[in-house]
Amino acid sequence: MTTRVWDYLPEYAKERDDILDAVHTVFESGRLVLGDSVSSFEDEFARYHGAPHCTGVDNGTNAVKLALEAVGVGPGDEVITVSNTAAPTVVAVVGAGAVPVFVDVREQDFLMDTTQVEAAITPKTKAILPVHLYGQCVDMESLRRIADKHDIAIVEDCAQAHGARYNGRIAGTMSAASAFSFYPTKVLGAYGDGGAVVTADSEVDRALKQLRYYGMEKTYYVVRSPGHNARLDELQAEILRRKLHRLDDYIAARNSIARRYAEELGDLEGPGGLQLPKTNEGNSHVYYVYVARHPQRDAILDALADRDISLNISYPWPVHTMSGFAHLGYESGSLPVTEKLATEIFSLPMYPSLSESEQGGVIAALREVITGL
């Protein structure tokens with residue numbers, strides 16, 4: 001039997017009645033677009049973050065794009081971000097008409113190296129887009145000082161960090177606006193696509209509500225252009241409402257799985273060998289993915305695949321090396337840490353319903369393979 005890096009079916013089996021009741025609730029409501037489920041989820045997701053405003057959108061990519069547009073990013077502006085991220089982060093920047101400017105990441109946590117940000121600022125810089133990657137937050141205090149000094153907006157990419165905290169503050173509350181994805185694999189995942197933007201700024205929220213709905217405030221009358229068709233679906237919103245009440249339980253389960261990995265694989269760590277993820281001081285990690293590192297990564301993945309254990313690479317190609325972004329002009333070696341990590345990182349199975357026996361099988365197989373290298 002194959003052990004997958006992610007699987008929603010065990011969770012669905014456990015939550016099936018509630019999920020199907022969510023479907024029934026929407027279909028019986030008489031309103032399938034921008035109805036009570038969306039507005040209720042927006043209120044509840046904002047409340048979870050202690051924030052006054054939330055706008056539901058159709059996916060995480062548009063959450064980033066619309067958040068950037070709502071804080072004033074437009075054609076020709078520059079947005080500082082990282083290349084060690086899922087491509088949609090950068091697709092969203094380009095979609096807003098802006099130019100992505102990359103800084104490298106840190107060896108110890110794979111997150112934005114904030115010491116490189118100030119040198120990347122130019123007169124065209126309009127926003128900084130930190131990615132709270134893999135489940136923990138970027139060093140936001142140092143980033144905040146830089147942004148305030150230069151009067152630049154911060155937009156947090158929280159697609160992988162629902163519920164993560166930095167020095168007691170929850171991800172998504174340390175910026176002008178913050179973007180979330182509810183893609184099914186996420187810590188809070190829908191049964192399809194979905195996204196949201198959280199903000200404390202009422203004008204940003206008003207802009208977001210217009211941007212997601214063709215630029216309209218009232219039906220058929222456009223007040224902002226360009227607008228988009230980027231509404232969160234009622235069905236996904238109702239499912240997310242139900243799952244939001246279990247978010248802290250999902251996070252606790254992920255942390256339990258992470259602790260076991262650390263306890264039973266920690267003795268394999270060493271210079272030039274296995275490296276397991278670490279939680280930075282002051283952070284609380286939600287382990288969206290459990291990303292390890294080894295210089296013989298590919299051999300490990302091949303050996304585990306032979307044992308029907310599926311692992312993943314997050315991410316095998318740094319964005320700046322992709323042909324679709326060749327026009328940005330980044331040469332090989334321009335982001336050395338990012339490029340090195342892409343050859344060494346891999347993700348172990350991580351989802352709340354991963355069974356103890358499945359995790360034990362992954363640990364045993366990984367131990368056997370690494371000790372045999």
With a 4.0 Å cut-off, would you call [X] and [Y] a salt bridge?
X	Y	result
Arg246	Asp249	no
Glu344	Arg297	no
Glu264	Arg367	no
Asp308	Arg4	no
Asp18	Arg242	yes

(request) Check salt bridge (charged side-chain N to carboxylate O under 4.0 Å, His left out) between Glu69 and all other residues, then give those that pass, not counting sequence neighbours. (result)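 For Glu69, no residue satisfies salt bridge (charged side-chain N to carboxylate O under 4.0 Å, His left out) once neighbours in sequence are set aside.
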(request) With sequence neighbours excluded, tell me which residues meet salt bridge (charged side-chain N to carboxylate O under 4.0 Å, His left out) with Lys149. (result)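 By the salt bridge (charged side-chain N to carboxylate O under 4.0 Å, His left out) rule, Lys149 matches Glu118.
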Shortest non-hydrogen contact from [X] to [Y]?
X	Y	result
Leu276	Glu269	N-OE2, 2.8 Å
Leu265	Leu274	O-CD2, 4.0 Å
Leu34	Leu232	CD2-O, 4.5 Å
Pro336	Gly333	CD-O, 3.5 Å
Leu304	Ala365	CD2-CB, 3.4 Å
Gly172	Ser178	O-OG, 2.8 Å

With the 4.5 Å side-chain cut-off for hydrophobic clustering, are [X] and [Y] part of the same group?
X	Y	value
Val33	Tyr221	no
Val99	Val79	no
Val71	Val197	yes
Val64	Met140	no
Tyr288	Leu129	no

(request) With Glu42 as reference, evaluate Arg47, Arg231, Arg212 under the salt bridge (charged side-chain N to carboxylate O under 4.0 Å, His left out) test and give the passing residue. (result)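 Between Glu42 and the candidates, salt bridge (charged side-chain N to carboxylate O under 4.0 Å, His left out) is satisfied uniquely by Arg212.
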Between [X] and [Y], do the side chains contain an N or O donor and an N or O acceptor separated by less than 3.5 Å?
X	Y	value
His320	Ser83	yes
Asp157	Thr89	yes
Asp36	Ser29	no
Asp104	Gln116	no
Thr185	Tyr351	no
Glu238	Ser37	yes
Asp248	Tyr48	yes
Ser353	Glu11	no
Ser142	Asp139	yes
Asp193	Gln236	no

Between [X] and [Y], is there a donor-acceptor pair closer than 3.5 Å when you use the side chain of the first and the backbone of the second?
X	Y	value
His294	Gln296	yes
Gln210	Glu217	no
Asn255	His285	yes
Asp233	Leu235	yes
Lys124	Gly76	no
Thr25	Asp21	yes
Glu234	Gly35	yes
Arg169	Arg165	no
Gln359	Ile257	yes
Asn59	Asn62	yes

(request) For the pair Asn167 and Glu141, evaluate side chain to side chain donor-acceptor pair (under 3.5 Å) and give the outcome as yes or no after the intermediate values. (result) CA-CA 9 Å; Asn167 290 341; Glu141 287 184 4; 2.9 Å; yes
(message) Nearest 0.5 angstrom please: Ile313 CD1 to Leu301 CG, how far?
(response) 5.5 Å
(message) Working to the nearest 0.5 angstrom, can you tell me the gap between Asp7 CG and Leu354 CG?
(response)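 Output value for this atom pair is 9.5 Å.
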Answer with yes or no after comparing the ring centroid distance for [X] and [Y] against a 6.0 Å cut-off, counting only values under it.
X	Y	answer
Phe182	His162	yes
Phe180	His132	no
Tyr287	Tyr134	no

Check the surroundings of atom [atom1] in [X]: do more than 12 heavy atoms from other residues, nucleotides or ligands lie under 6.0 Å from it?
X	atom1	answer
Tyr8	OH	no
Tyr183	OH	no
Lys278	NZ	yes
Glu356	CD	no

(message) Among Ile154, Val198, Val155, exactly one meets side-chain contact (heavy atoms from CB on, under 4.5 Å) together with Ser175. Which residue is that?
(response) Ile154
(request) Test Thr55 against Asp205 for side chain to side chain donor-acceptor pair (under 3.5 Å), laying out the working first. (result) CA-CA 7 Å; Thr55 298; Asp205 183 64; 2.9 Å; yes
(message) Between His245 and Glu44, is the side chain to side chain contact (heavy atoms under 4.5 Å, CB included) condition met? List the steps.
(response) CA-CA 9 Å; His245 299 295; Glu44 292 163 16; 4.2 Å; yes
(message) As a test of understanding, state which of His150, Arg144, Arg145 forms a side-chain hydrogen bond (donor to acceptor under 3.5 Å, both in side chains) with Asp148.
(response) Arg144
(request) Give the C-alpha distance, both sets of side-chain angles, the deciding distance and a yes or no for side chain to side chain contact (heavy atoms under 4.5 Å, CB included) between Val91 and Phe325. (result) CA-CA 9 Å; Val91 169; Phe325 297 105; 4.1 Å; yes
(message) Applying side chain to side chain donor-acceptor pair (under 3.5 Å) to Glu358 and Thr3, what does each step give before you reach the verdict?
(response) CA-CA 7 Å; Glu358 287 173 320; Thr3 299; 5.0 Å; no
(request) Step by step, work out the side chain to side chain donor-acceptor pair (under 3.5 Å) result for Asp201 and Thr199. (result) CA-CA 5 Å; Asp201 189 318; Thr199 182; 5.6 Å; no
